[in-house]
Amino acid sequence: MKRHEFLKLSGLTALASALSTQSVFSALFRSKPLNTNPMKTVYHAAESRGHANHGWLKTWHTFSFAGYYDPARIHFGTLRVLNDDEVAGGMGFGTHPHDNMEIITIPLSGALKHRDSMGNEGIIRAGEIQVMSAGTGIQHSEFNGDAAEACRLLQIWLFPREKQVRPRYDQLAFDVAERQDRWQQILSPNPEDAGVWIHQDAWFHLIEASAGSSHTYTLKKPGNGLYFFIIEGEAQVEQQSLKRRDALGMTDANGFTFTTKSGTYALLMEIPMHV
Amino acid sequence: MHRILITGSQREVLPKLRVLAQAEGREVLMAQDAASAMRLVQLLSLDVLVLSGGFGETTDRWLMVEALRQNPDLKLLRRLGPIDEFAMELTKALYV
């Protein structure tokens with residue numbers, strides 16, 4: 001007996017036909033929809049950051065820092081500090097200690113002069129990245145390397161994967177052309193990988209996306225979270241619009257895609273969520 | 001005594017001390033972690049530094065040295081005993 005004859009005899013033709021249609025399939029599972037997008041997000045608007053104007057220092061804190069304290073904004077996973085600083089010419093932070101923290105500095109404009117207790121001394125500018133593993137303890141100072149022009153920088157602190165490591169310092173220059181419409185890796189956990197490295201399973205990328213472009217990022221390590229910070233321009237991630245200095249934290253995602261309407265400069269931090 | 005910084009990691013203690021230190025014309029700042037305290041000490045000249053709870057000997061010493069460097073007339077209060085005793089000490093220092 002052929003299949004259609006069997007179905008006709010057994011009265012199952014209509015059912016077989018129905019089962020082959022997507023509408024019935026959907027109806028059967030309507031009460032329990034397929035969750036194809038479990039990504040959780042947290043939106044941090046630029047204007048929601050803590051701000052302080054100390055004359056020579058104008059600073060915006062994404063997370064609680066110095067005089068800004070919000071119990072709901074202490075950290076995002078291992079990302080503890082994201083400071084957006086503008087330091088007046090010739091001014092800066094005198095020698096101060098750190099320990100057990102991975103500190104990454106990204107100059108946006110101007111020059112930043114660094115000196116530390118390990119004997120390192122140097123000036124970093126836009127296009128360069130500085131990293132410091134404070135470990136067992138380090139003292140350093142940071143000053144604007146120019147007497148007149150203001151210096152703008154992002155300073156980022158991550159909790160380390162392991163404590164009491166030997167302190168280390170590094171800085172690296174990047175070819176900014178390599179971040180035009182593609183992710184440029186500037187930091188990883190691997191000394192042999194592109195960019196600087198730190199004692200944490202984190203990866204940082206910069207991108208300068210042209211207007212009307214779309215870019216996708218896939219996690220390097222499953223379970224990590226993503227923190228997407230718009231340095232300049234604007235972007236769209238799913239339903240969320242992001243403007244200059246806005247940020248979007250994402251968890252339970254294997255990656256994400258953003259689109260642009262204008263030219264956009266952004267920093268993406270992939271970080272462990274468990275401190 | 002216009003600007004007072006109270007440092008410490010014990011969240012239930014700091015608000016109590018803040019209330020004690022709060023008075024018209026005074027700016028009372030609180031820092032619950034070492035980095036915040038260090039940043040504030042670097043940025044602002046303090047009149048009173050209140051070390052409550054402490055961040056460890058090295059950090060506390062750094063805070064004291066830096067605050068004194070910025071203001072040699074700094075009044076320094078360091079909590080070593082129970083909160084209630086320290087609250088009395090703070091009250092005396094600020095109001096008597």
Side-chain angles (χ1 to χ4, degrees), chain A residues 50-75 79-88 91-103 117 132 134-143 155-159 163-164 167 275, chain B residues 1-19 21-22 25-72 74:
Chain A
H51 176 58
N53 185 346
H54 298 286
W56 64 270
L57 172 70
K58 295 181 180 69
T59 182
W60 289 262
H61 309 297
T62 294
F63 301 102
S64 295
F65 196 80
Y68 165 59
Y69 179 72
D70 179 351
R73 292 275 284 268
I74 302 292
H75 62 101
L79 175 60
R80 171 64 187 86
V81 169
L82 173 52
N83 288 344
D84 182 1
D85 292 341
E86 183 180 319
V87 183
M91 302 301 288
F93 304 99
T95 304
H96 56 281
H98 291 285
D99 62 49
N100 293 313
M101 198 67 80
E102 302 295 306
I103 300 169
S117 53
M132 200 168 66
T136 53
I138 187 172
Q139 296 226 356
H140 80 140
S141 64
E142 300 154 292
F143 278 86
Q155 189 159 86
I156 299 153
W157 296 14
L158 294 186
F159 293 119
K163 288 189 172 183
Q164 301 300 103
V275 179
Chain B
M1 290 185 202
H2 299 297
R3 183 179 287 146
I4 302 165
L5 173 63
I6 305 172
T7 75
S9 53
Q10 294 163 290
R11 292 184 182 182
E12 72 279 12
V13 171
L14 291 189
K16 195 170 183 177
L17 295 179
R18 183 178 191 141
V19 169
Q22 200 105 46
R26 282 188 181 142
E27 182 185 358
V28 183
L29 303 160
M30 298 198 299
Q32 297 187 325
D33 62 88
S36 296
M38 289 193 290
R39 174 64 69 98
L40 288 170
V41 165
Q42 277 196 318
L43 288 169
L44 306 167
S45 179
L46 303 173
D47 298 296
V48 184
L49 174 61
V50 180
L51 294 171
S52 168
F55 301 122
E57 193 59 35
T58 307
T59 302
D60 284 354
R61 194 185 304 124
W62 184 92
L63 289 171
M64 289 188 275
V65 169
E66 185 67 17
L68 278 165
R69 191 181 65 76
Q70 296 217 31
N71 178 14
L74 175 85

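So you know, we letter chains A, B, ... as the sequences are listed, proteins then strands, and number each from 1.
B/Leu43 approaches A/Phe93 most closely through the heavy-atom pair CD2-CE2, 4.2 Å. Nearest heavy-atom pair across B/Arg39 and A/Asn83 is NH2-ND2, 3.8 Å. Considering all non-hydrogen atoms of both residues, B/Ser36 and A/Ala66 come closest at OG-N, 2.8 Å.
When heavy atoms are compared at a cutoff of 4.5 Å, B/Leu44 approaches chain A solely by way of its side chain, counted from C-beta outward. Using a 4.5 Å cut-off between heavy atoms, A/His96 contacts chain B through both its backbone and its side chain.
Counting only heavy atoms from C-beta outward, the side chains of A/Tyr69 and B/Gln32 approach each other to under 4.5 Å.
To the nearest 0.5 angstrom, B/Gln42 atom CD is 10.0 Å from A/Leu57 atom CG.
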